[in-house]
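For reference, the structure discussed in these notes is given below.
Note: hydrogens, waters and symmetry copies are ignored here, and every other heavy atom, side chains too, is used. Note on naming: letters A, B, ... go to the chains in the order of the sequence lines (proteins, then strands), and numbering restarts at 1 for each one.
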There are 2 protein chains.
Amino acid sequence: MSITADLIRGHTDAIILAALLQGDSYGYRINRAMVDLTDGRYELKEATLYTAFRRLEEAGYIRSYWGDEATGARRRYYAITLNGKNAYYAMMREWREASGLLEKLMRFGGTDGGDDSTEQI
Amino acid sequence: MSITADLIRGHTDAIILAALLQGDSYGYRINRAMVDLTDGRYELKEATLYTAFRRLEEAGYIRSYWGDEATGARRRYYAITLNGKNAYYAMMREWREASGLLEKLMRFGGTDGGDDSTEQI
DNA sequence: CTGAAATACCTTGACAGGCGAGGTATCTTG
DNA sequence: CAAGATACCTCGCCTGTCAAGGTATTTCAG
């Protein structure tokens, strides 16, 4: 089944920026790409996605403009800015460090002293 | 500098359970172990820690009891339960899957279709 | 002896991100 | 014509984090 929300929390921005690194895109399509890439195990919920777009635009990491397609529903396209790219690389560095730490912490919580009572039930 | 909270968010429970897999321990010590293991780059804040203890105990993943040390401040020890161990293994499986997906999504957001406008500024 | 720091616990209230539910409008297809 | 896909958006709740504040005990420098 799908990944729990909290494991994803905080990564939404990086995911969206990564998608936009490939070129301008719009909400619905980015969402679809996520589902496809993960074989349906992960989906950016719409409310989350659009909230993130607004957050990212406010931060100056993306710009938006309306598409001019004559056919189909109107689309709001997003483009990553220079600041956005820099932010993305920073997020990736953070992610690498954090996941390394997490791996270490979760593999071995390490109370290390090992003297106290260790009775189990 | 320290890792941002949101990257760690949701992993607190797994971290605590991992620590308790090594044997019973108490809040202050677990916290110290985290700081030591990560060279100070990550710290479980006290409020977060004690909130998590209550959450985990309520879920039946840990049990608690007061230590009987004659010296020093009183300590509340925590022990992981069978349910807690199972939960820990489940969390680890989830983490493995989620981090794999995340890695994929963040490395390549993949709008894949690559037909639309791709102008950048 | 005194006062600061360390050990050890705990609660309250605010905040931020995720998302269920609900809504709008257009186009396609049976 | 109705249903479903495409495409956008908002409101309000929930949950986990944490700054700030608090208690009590022990240790140790001055």
Check: Going by heavy atoms in the side chains, are B:Trp95 and A:Leu102 under 4.5 Å from each other?
Finding: yes
Check: Rounding to a whole Å, what distance do you find between A:Lys45:NZ and C:dG22:P?
Finding: 16 Å
Check: Is any side-chain heavy atom of B:Ile80 closer than 4.5 Å to a side-chain heavy atom of B:Ile16?
Finding: no
Notebook entry, point to check: Side-chain contact, heavy-atom cut-off 4.5 Å: A:Leu82 with A:Asn86?
Noted result: yes
Next item on the list: Please state whether the rings of B:Tyr77 and B:Tyr65 are parallel, tilted or perpendicular, taking 30° and 60° as the class boundaries.
Entry: parallel
Notebook entry, point to check: Between C:dC19 atom C1' and A:Glu43 atom CD, what is the distance in whole Å?
Noted result: 11 Å
Checklist line | Boundaries of the chain A footprint along DNA chain D (any atom under 4.0 Å from a heavy atom) | finding: D:dT6 to D:dG16
Next item on the list: Would you check if the side chain of B:Thr81 reaches a backbone N or O of B:Gly60 as a donor-acceptor pair within less than 3.5 Å?
Entry: yes
Next item on the list: Produce a footprint string for nucleotides 4-14 of chain C: one letter per nucleotide, 5' end first; B if the base is under 4.0 Å from any protein heavy atom, S if only the sugar-phosphate is, - if neither.
Entry: ---BBBBB---
Note to self: Using whole Å, what does the distance between atom C1' of nucleotide C:dG18 and atom NE2 of A:His11 come to?
What the structure shows: 13 Å
Notebook entry, point to check: Heavy atoms, side chains only, cut-off 4.5 Å: are B:Asp24 and B:Tyr26 in contact?
Noted result: no
Check: Is there a donor-acceptor pair closer than 3.5 Å between any side-chain N or O of B:Tyr88 and the backbone N or O of A:Met106?
Finding: yes
Checklist line | Non-hydrogen side-chain atoms of B:Ile8 and B:Leu44 separated by less than 4.5 Å | finding: no
